[in-house]
Amino acid sequence: MRLPGGIVRDGARRRDFAFRSLTGAVELALAEADGVGSTLPARVTAALAAALAHVGGEAPLPATVAGLAVADRQFLMGRLATGLGLGESWLTAGCGRCGERFDFSVTHADLPVKEAGEGYPFATVETSLGPCRFRVPTGADQEFLAGLDDEREAFRCLVGRCLVDSPGRRTGDGQPTFTADDVARIESALEAVAPEVAVSVQAACPACGTTHVIDVDPYAALSRNAGGGLLQEIHILAASYHWSEGEILALPLERRRRYLELIDRARGMAR
């Protein structure tokens, strides 16, 4: 399995990645990462930096993870959710036609993925200012833009951040002004080269058959330990087996769950 985009260094594109062994220690790091920063992009960066063993041939430093294409980050978070047992999500939707509410499941690993196009991560666009070179948006861009409420200003800043080179541009020059036609061409060119992970699915209302497009959360792994679930599991295992926190956190996820099932079964038999 490879990243749909990857990291390009000196003309070489690396798409390999691997997660650390998913022990309680990694889960605790993920839970703590969920509290890092006030924005979702910052939490995604912290979570991937904690969970990855390597990515694109490099150590998963926060700066490296933040520099990944947006779709690569979504792809990795989906695979992490699968490893944590969250690969299937149940969603509830309301039909706008008949008013019926219905449930349906989504398997993150089955969501369509578009590979990066030729020239990734760059695209050259003919604009009113001449040929300009842009790169695809990254997690670092998302983190920067997260504090901007004005969508038009946020998009203007994004175009400026993704601009790599333009005719006659020198270091320190202000951001060039692009026309509406320029912006449309820039968007189209970047969409062509950028990888993409589906973040919505189609689901039909079982009552009237109307098809709806439903958003899917690509960052479901961040909710794994919401509400202190991991700490509760540590408490149960420590009370039952008198293991230390470090010993419990060193257990692989599946083995810890098996012990919890045994404890629950024993309690049921004792009633």
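The figures here come from the full heavy-atom set of this structure, side chains too, leaving out hydrogens, waters and symmetry mates. One-based numbering along the sequence shown.
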Arg97 (side chain) donor-acceptor with Thr211 (main chain) under 3.5 angstrom: no

Shortest non-hydrogen separation from Ser21 to Val26 and the atoms involved: O-CG2, 3.4 Å

The single option from Glu27, Glu247, Glu261 passing salt bridge (Lys or Arg N to Asp or Glu O under 4.0 Å) against Arg256: Glu27

Full working for side chain to side chain contact (heavy atoms under 4.5 Å, CB included) between Ser128 and Asp181: CA-CA 9 Å; Ser128 58; Asp181 287 342; over 6 Å; no

For Phe19, ring pair (Phe, Tyr, Trp, His ring centres under 6.0 Å) partners two or more places apart: Phe17

Common cluster, Leu48/Val113, ILVMFWY with side-chain heavy-atom separation under 4.5 Å: yes

Path from Phe155 to Val125 over hydrophobic side-chain contacts below 4.5 Å: yes

For the student: nearest non-hydrogen atoms of Ile248 and Ile234, plus distance: CD1-O, 3.5 Å

Any side-chain heavy-atom pair of His212 and Phe104 under 4.5 Å: no

Shortest non-hydrogen separation from Leu222 to Arg43 and the atoms involved: CD2-O, 4.0 Å

Straight-line distance of Cys132 SG to Glu126 CD, nearest 0.5 Å: 8.5 Å

For Arg20 against Pro60, the heavy-atom pair lying closest together: NH2-CG, 4.1 Å

Atom CG of Asp150 with >12 non-hydrogen neighbours under 6.0 angstrom: yes

Side chain to side chain, Asp217 and Ser89, heavy atoms closer than 4.5 Å: no

In one Ile/Leu/Val/Met/Phe/Trp/Tyr side-chain cluster, 4.5 Å: Leu22, Phe75: yes

Side chain to side chain contact (heavy atoms under 4.5 Å, CB included) involving Ala50 - partner list, sequence neighbours excluded: Ala29

Test item: Lys114 side-chain N/O and Ala194 main-chain N/O as donor-acceptor pair under 3.5 Å: yes

Val65 and Leu76, any side-chain heavy atoms less than 4.5 Å apart: no

4.5 Å side-chain heavy-atom contact, Leu30 and Leu230: no

Inter-residue atom distance Arg156.CZ - Leu148.CG, 0.5 Å rounding: 9.5 Å

Selection residues 177-207 - residue pairs positive for ring-ring contact (aromatic ring centres under 6.0 Å, His included), sequence neighbours left out: Phe134-Phe178

In one Ile/Leu/Val/Met/Phe/Trp/Tyr side-chain cluster, 4.5 Å: Ile214, Val106: yes

Note, Gln142 side chain near Leu40 side chain (heavy atom, < 4.5 Å): no

Heavy-atom pair of closest approach, residues Ala220 and His108: CB-NE2, 4.1 Å

hydrophobic_cluster_shared for Phe102 and Val213, side chain cutoff 4.5 Å: no

Note, Cys157 side chain near Leu145 side chain (heavy atom, < 4.5 Å): yes

Flag side-chain contact, heavy atom, 4.5 Å: Pro218 against Met77: no

Geometric cation-pi criterion Arg255 and Tyr259, 6.0 Å radius, 45° cone: no

pair Asp165-Thr124: side-chain heavy atoms closer than 4.5 Å: no

Val199 vs Asp215, side chain to side chain contact (heavy atoms under 4.5 Å, CB included): CA-CA, chis, key distance, verdict: CA-CA 6 Å; Val199 292; Asp215 292 337; 5.9 Å; no

Sidechain-backbone polar pair: Arg257 side chain, Pro252 backbone, donor-acceptor under 3.5 Å: no

Crowding at CD, Glu118 (>12 non-hydrogen neighbours, <6.0 Å): no

Donor-acceptor contact present, side-chain Tyr120 to main-chain Gly6, <3.5 Å: yes

Minimum heavy-atom distance between Ala71 and Pro195, given as atom pair plus value: CB-O, 3.3 Å

Under the side chain to side chain contact (heavy atoms under 4.5 Å, CB included) test, residues paired with Ile263 that sit two or more places apart: Ile236, Leu237, Ser240, Tyr241, Arg267

Any residue meeting side chain to side chain contact (heavy atoms under 4.5 Å, CB included) with Pro62, in chain and number order, not counting sequence neighbours: Thr45, Ala49

Set of side chain to side chain contact (heavy atoms under 4.5 Å, CB included) partners for Ala123, sequence neighbours left out: Ala189, Leu190, Val193

Spacing of Arg15 atom CZ and Asp72 atom CG [to the nearest 0.5 Å]: 8.5 Å

Approximate separation, where rounding is to 0.5 Å, of Leu28 CG and Thr23 OG1: 9.5 Å

Interatomic distance, Leu163 atom CG to Ile186 atom CD1 [nearest 0.5 angstrom]: 7.5 Å

Euclidean distance, Glu196 CD relative to Leu111 CG, rounded to 0.5 Å: 11.5 Å

